[in-house]
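Below you'll find the structure, written out as structure tokens, and then a few comments.
Only a predicted model underlies this, so the values are computations on that prediction, with no experimental measurement involved. Reminder, nothing fancy here: chain letters follow the sequence lines and each chain counts from 1.
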Number of protein chains: 2
Amino acid sequence: MRIPYAEMRAEFTRILLKNNFSEERAENCAEIFATNSLEGIYSHGVYRFSRFVDYVRKGFVIPDAEPEKHSGVGAIEQWNGNLGPGPLNAEFCTRQAMKLASDNGIGCVAIANTNHWMRGGTYGWQAARKGYVFIGWTNTERNMPAWGAKESRLGNNPMVFAVPFGTEAIVLDFAMTQFSYGKIEALKTEGKELPFAGGFNKNNELTNRPDEILETMRGLPIGYWKGAGLSLLLDILATILSAGLSTSELSKREKEHGVSQVFIAIDLKKLKNYPSIESTISAIIDDFKASSTITDGAQIRYPGERVITTRNENLKHGIPVEKLTWEMIQQM
Amino acid sequence: MRIPYAEMRAEFTRILLKNNFSEERAENCAEIFATNSLEGIYSHGVYRFSRFVDYVRKGFVIPDAEPEKHSGVGAIEQWNGNLGPGPLNAEFCTRQAMKLASDNGIGCVAIANTNHWMRGGTYGWQAARKGYVFIGWTNTERNMPAWGAKESRLGNNPMVFAVPFGTEAIVLDFAMTQFSYGKIEALKTEGKELPFAGGFNKNNELTNRPDEILETMRGLPIGYWKGAGLSLLLDILATILSAGLSTSELSKREKEHGVSQVFIAIDLKKLKNYPSIESTISAIIDDFKASSTITDGAQIRYPGERVITTRNENLKHGIPVEKLTWEMIQQM
């Protein structure tokens, strides 16, 4: 079935209000979950919403907790997320990094003790559509092995890069595992294999089989040793810049909460070449898209391009959602 | 054969002095090439030196050109590299980003019109050993296809992340292709295959065969579509932040010169949690290295760990180099 954006957002708001969110915070948070769904990131929108509310009920996410400044000097600040809702904290940090960037050209906000930001791309889109470059990342609990390791001690630590593109944005939002566990589970349900090796089986061999990867929970790092190395560096940086918990410390908790995140913004309006930036980006994208393709008639797409198509389609026809999921949400 | 570090450095200095480098700049530049070799990155040290000198002779690299400030506001600055030697320009930008970070917590320097920095890790080591976080990247000429594309229109745009670690550093220096063309050529010479697919053959299939990849020059992006997307974003960012040339524009030139680069530094001493950062990083690394390994007796290594071993070994026994290469250098 398809649910209109406004209806989904209103449902989310209603449920959050019932779960100790203030009116303003319920509306903000509902907007993020509904927009993630509208833009096609269903796994971190409508399909994640009930788990988010469950975490609120269990006290992992504290609805009215707001970020507090821990320290700051010049263009860099450290905040404590006080276990508030991840999307609200992340939106706050994005705005704060943009403010620092407006004052200093570049700004960096690191936040400790926050929660899952759902879809990192959300904050990239927000900053880039207002004329800022955005670079951000989060650590996560353990779900990926170091290169050569038998057990998962690294997080898949998603990272986001975004730049403005006309009134829209180019947004790369990628985790350090080749495939998300959500994707792997979906393929298992459909009885399909992954298109490329996506993890290790219990014999330490690379495998395309979803069931084998879900058995070991050892997802494959992108670029093998490279993605494993990047995950480690992102965890170290998020931890030391925020004075927060590392992947290893997080993983001692019953459920993932209290993660560490970094938000960097650059204000393009401060640059001398600002007037020509839009045409520079257009020229790069034109050249990129002019590649001949392996499959006849296929299109070369830049990161985030699909979001615009999906958003328009879902605005017109409603957001696709499994009937059972939607009924469950209506009963919450 | 093995050449002592001091001897290699002196040879490089001698040759650079013969090629219009001032004494100070010849010594600096020779030090970088010799250190890259000492630390095991021979491909961008002793084996790249004669090509570097060739580029100087052809006028692609201008020995006495120094970077000029194009514009700057707060913690971000744009510089023009004036086609000076890439390693000297990169070293300058690293120092400048560190200076901005000392004043503002975080600093960003973007440079247009510069040249190949050789080994990006060099600048990560320099900054991190002085207590700074370092994030930097460069664009390159075209050598990697977009995802689904038949031709290479993206660069492999190497990126570096570095953090201090005791008196040493943790340094991740990675290109967006799974294997460097240098590595692929070396395996071809040895008649070996790549351990994983490293590019596409002329039938657009993934292949482990070096000869097939060298035929198409279509290296595989790390993480398939993810590394291709990251390469695009890094090119856009380097180009707009420096007001420099993009991969596409660079590739119109006879030989790669005039690339765009970004250097970001964060001064950890400015953070309130600075006193505990060293122990935080140690705890993360201890946990990382405690993983059980697939191969019995193998070690889990953090990025840059091998550099320390290699440096010590080469300091003791000299830097390994092919006799022919060294004789050629002695005759330059």
Is there a side-chain contact between [X] and [Y], using heavy atoms and a 4.5 Å cut-off?
{"X": "A/Thr293", "Y": "B/Lys150", "value": "no"}
{"X": "B/Leu271", "Y": "A/Ile76", "value": "yes"}
{"X": "B/Leu232", "Y": "A/Ile285", "value": "yes"}
{"X": "B/Ile240", "Y": "A/Ile284", "value": "no"}
{"X": "B/Leu234", "Y": "A/Phe161", "value": "yes"}
{"X": "B/Leu237", "Y": "A/Ile266", "value": "no"}
{"X": "B/Tyr224", "Y": "A/Gln178", "value": "yes"}

Toward chain B, the part of [X] with a non-hydrogen atom under 4.5 Å:
{"X": "A/Ala101", "result": "neither"}
{"X": "A/Ile236", "result": "both"}
{"X": "A/Val133", "result": "side chain"}

Specify whether A/Phe196 and B/Trp225 have parallel, tilted or perpendicular ring planes, treating 30° as the upper limit for parallel and 60° as the lower limit for perpendicular.
tilted

Taking 4.5 Å as the heavy-atom cut-off, does anything in residues 298-306 of chain B contact chain A, and if so which residues?
B/Ile300, B/Tyr302, B/Pro303

Looking at every heavy atom in both A/His70 and B/Lys272, which two are closest together, and how far apart are they?
O-NZ, 3.3 Å

In terms of heavy-atom contacts, B/Ala175 and A/Lys226 come closest through O-NZ, 3.0 Å

Under 4.5 Å, counting heavy-atom pairs only, tell me which of [options] racks up the most with chain A.
{"options": "B/Ser71, B/Ala162, B/Ala149, B/Gly74", "result": "B/Ala149"}
{"options": "B/Thr295, B/Leu230, B/Thr239, B/Ile281", "result": "B/Leu230"}
{"options": "B/Pro221, B/Ser246, B/Ser291", "result": "B/Ser291"}
{"options": "B/Phe174, B/Tyr274, B/Phe288", "result": "B/Phe288"}
{"options": "B/Asp235, B/Asp103, B/Asn104", "result": "B/Asn104"}
{"options": "B/Ile106, B/Ile222, B/Leu233", "result": "B/Leu233"}

Per-residue contacts, residues 199-206 of chain A versus chain B, heavy atoms under 4.5 Å
A/Asn204, A/Leu206

May I ask you to name which of [options] has the most heavy-atom pairs under 4.5 Å with chain B?
{"options": "A/Leu241, A/Thr247, A/Leu100, A/Ile135", "value": "A/Leu241"}
{"options": "A/Asn273, A/Leu220, A/Leu268, A/Ile264", "value": "A/Asn273"}
{"options": "A/Lys270, A/Gln78, A/Met159", "value": "A/Gln78"}

Go through the atoms of [X] and report whether side chain, backbone, both or neither lie under 4.5 Å from a heavy atom of chain A.
{"X": "B/Glu151", "answer": "both"}
{"X": "B/Thr177", "answer": "backbone"}
{"X": "B/Thr280", "answer": "side chain"}
{"X": "B/Ala290", "answer": "both"}

State whether B/Asp287 and A/Arg142 are salt-bridged, where the test is any N-O pair (Lys NZ or Arg NE/NH1/NH2 against Asp/Glu carboxylate O) under 4.0 Å.
yes

More than 12 non-hydrogen atoms from neighbouring residues, nucleotides or ligands closer than 6.0 Å to NZ on B/Lys183, yes or no?
no

